[in-house]
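These notes concern the structure reproduced below.
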Number of protein chains: 2
Amino acid sequence: MANGPVLHRDDPDKEPLVGHIKVTREDWLNVARDILVTDGVAEVKVLAIGTRLEVSRSSFYWYFKSRKDLLSQLLDDWEARNTARIEAHCAAPAATITGAICNFFRCFMDPAHFDQGLDFAIREWSRRDGQVRRRIDLADKARIKAVTAMFARYGYDSYEADVRARILYFMQLGYHALDQTEPMADRVARTRGYLLGFTGQEADPAALADFTAFAESLG
Amino acid sequence: MANGPVLHRDDPDKEPLVGHIKVTREDWLNVARDILVTDGVAEVKVLAIGTRLEVSRSSFYWYFKSRKDLLSQLLDDWEARNTARIEAHCAAPAATITGAICNFFRCFMDPAHFDQGLDFAIREWSRRDGQVRRRIDLADKARIKAVTAMFARYGYDSYEADVRARILYFMQLGYHALDQTEPMADRVARTRGYLLGFTGQEADPAALADFTAFAESLG
DNA sequence: AGAGCATTGGACAAAAATGTCTAGACGGAA
DNA sequence: TTCCGTCTAGACATTTTTGTCCAATGCTCT
């Protein structure tokens with residue numbers, strides 16, 4: 001999607017090349033990012049990108065040292081795009097926590113503000129690459145910190161703000177991280193609070209005891 | 001992980017081949033599944049599997065027509081494993097809905113009952129393959145139907161059971177589906193109920209109005 | 001118009017991955 | 001033991017993808 005420029009075509013018999021527009025480094029990056037999002041990192045191939053840009057692979061190696069170099073720059077690009085957006089939206093003023101949460105949602109709804117597909121694709125990529133994984137983890141920490149601060153602004157104490165931030169953030173992102181190292185007990189405990197509230201049983205101490213016993217039995 | 005058999009080695013100077021155990025179709029399938037889970041479908045390569053099994057690629061083509069054929073059989077295998085387990089756990093008897101939800105959780109905690117990594121890997125795979133996507137969609141429908149029936153057994157009406165089933169199911173699986181076609185308004189509306197309950201503001205009509213207006217403004 | 005740089009095409013090489021074919025090893029049945 | 005069906009190694013062919021090199025083209029500036 002969304003790679004504007006049509007490119008250098010010097011077939012002698014074709015168009016006289018009036019609107020000749022060169023393929024830029026950004027063009028390569030844009031197409032690469034699109035393929036990363038739709039097909040995964042394994043499909044980000046030099047020839048495929050070049051074909052879509054209607055140029056040979058040669059010019060790729062003008063802008064990038066290698067395929068590996070391209071992937072690295074793709075990561076830099078993502079880092080500069082998404083995390084700062086979330087932080088900004090969380091910091092936006094609102095009269096109530098409800099309004100602030102709406103602000104948070106808005107961030108994810110405008111592709112100009114946040115590319116959800118890109119975030120997803122890189123999260124998937126991180127599963128197979130330790131380097132990428134480390135950068136994702138740092139980004140998540142920074143983002144959750146921002147959401148926590150948002151809740152804290154409306155009077156939630158440290159613990160309450162943190163739990164709400166994590167659930168809100170992971171509900172929205174789809175909890176793709178799926179941290180296999182996190183003990184199941186923690187996930188149950190965290191989910192417990194939500195379920196009790198949602199099922200309208202928060203006043204029922206028996207149900208709370210059930211869940212608590214269950215979570216502790218996992219230790 | 002977990003590929004027991006060591007294999008045919010007929011180096012004349014090595015071991016006399018006493019415990020000769022052949023590589024079976026299941027061995028190929030097991031290693032392929034493991035690679036699918038840890039590295040994604042793109043990394044499921046004939047040579048890689050063969051190396052891990054310590055046989056040449058030749059015998060692969062004895063059991064499978066092609067790489068494509070292997071992937072197809074991997075899908076069949078997954079279908080037979082996971083969905084039925086969820087349905088069984090949801091149908092298990094429990095005194096209260098709280099207990100039933102605990103049963104549901106247990107299903108995901110025992111790798112013998114449900115391979116979460118496999119489910120995740122295939123969900124990811126489905127993003128790039130329409131055929132796979134269709135099978136995942138059918139599986140999700142069947143599973144949510146089972147969870148809905150579970151809530152219904154404890155007195156929730158049709159709508160309430162369905163909403164709770166979806167949230168419980170997707171919270172647990174991590175909402176990997178991330179259906180891009182589902183309107184954002186629907187997601188907000190669905191999440192709204194949760195958030196209102198969780199933040200303890202369900203008694204606040206102003207907050208409810210805020211969310212409702214927001215969801216409707218997305219029309 | 002000419003010089004110089006940025007960019008590109010196309011030829012070449014090499015690596016990685018799939019698939020085919022054949023000879024042969026192994027074990028069980030005749 | 002011999003024979004046959006099952007399974008495997010290794011050679012060969014092909015396709016896909018990456019990376020290198022160099023000549024040539026178009027643009028910009030003079």
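Just so it is clear: chains get the letters A, B, ... in the order the sequence lines come, proteins before strands, and each one is counted from 1.
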**Request:** Rounded to the nearest angstrom, tell me the gap between atom CH2 in B:W62 and atom C1' in D:dT6.
**Result:** 5 Å

**Asked** Can the ring centroids of A:F60 and A:W28 be said to lie less than 6.0 angstrom from one another?
**Response** yes

**Request:** Taking only Lys NZ, Arg NE, NH1 and NH2, and the carboxylate oxygens of Asp or Glu, determine whether A:R85 and A:D119 approach each other closer than 4.0 Å.
**Result:** no

**Request:** Using whole Å, report how far CZ of A:F64 lies from P of D:dT20.
**Result:** 15 Å

**Message:** Under a 4.0 Å threshold between the charged nitrogen and the carboxylate oxygen, would B:R81 count as salt-bridged to B:D77?
**Reply:** yes

Please write out each protein N/O paired with an N/O of nucleotides 19-22 of chain C under 3.5 Å, distance rounded to 0.1 Å.
from	atom 1	to	atom 2	distance (Å)
C:dG19	OP2	B:Y61	OH	3.3
C:dG19	OP2	B:R67	N	3.0
C:dG19	N7	B:R57	NH1	2.8
C:dG19	O6	B:R57	NH2	2.5

**Complete:** Assign each of A:E43 and B:S56 the nucleotide of DNA chain D bearing its closest heavy atom; nearer the 5' end lies the nucleotide of B:S56

**Prompt:** A:I49 CD1 to C:dT8 P: how many Å, rounded?
**Reply:** 14 Å

**Prompt:** Between A:E43 and A:K45, does at least one N-O distance fall below 4.0 Å, as a salt bridge requires?
**Reply:** yes

**Asked** In whole angstrom, what separates B:L47's CG from C:dT18's P?
**Response** 7 Å

**Prompt:** Do A:D129 and A:R134 meet the salt-bridge criterion of a basic N to acidic O distance under 4.0 Å?
**Reply:** no

**Item:** A:L70 CG to D:dG19 P, straight-line distance once rounded to whole Å
**Value:** 10 Å

**Asked** What integer distance in Å separates A:L71:CG from D:dT17:P?
**Response** 15 Å

**Request:** Take the protein atom CG of B:D27 and the nucleotide atom P of D:dC7, then report the distance between them rounded to whole Å.
**Result:** 12 Å

**Item:** Euclidean distance, A:E79 CD relative to A:L138 CG, rounded to 0.5 Å
**Value:** 8.0 Å

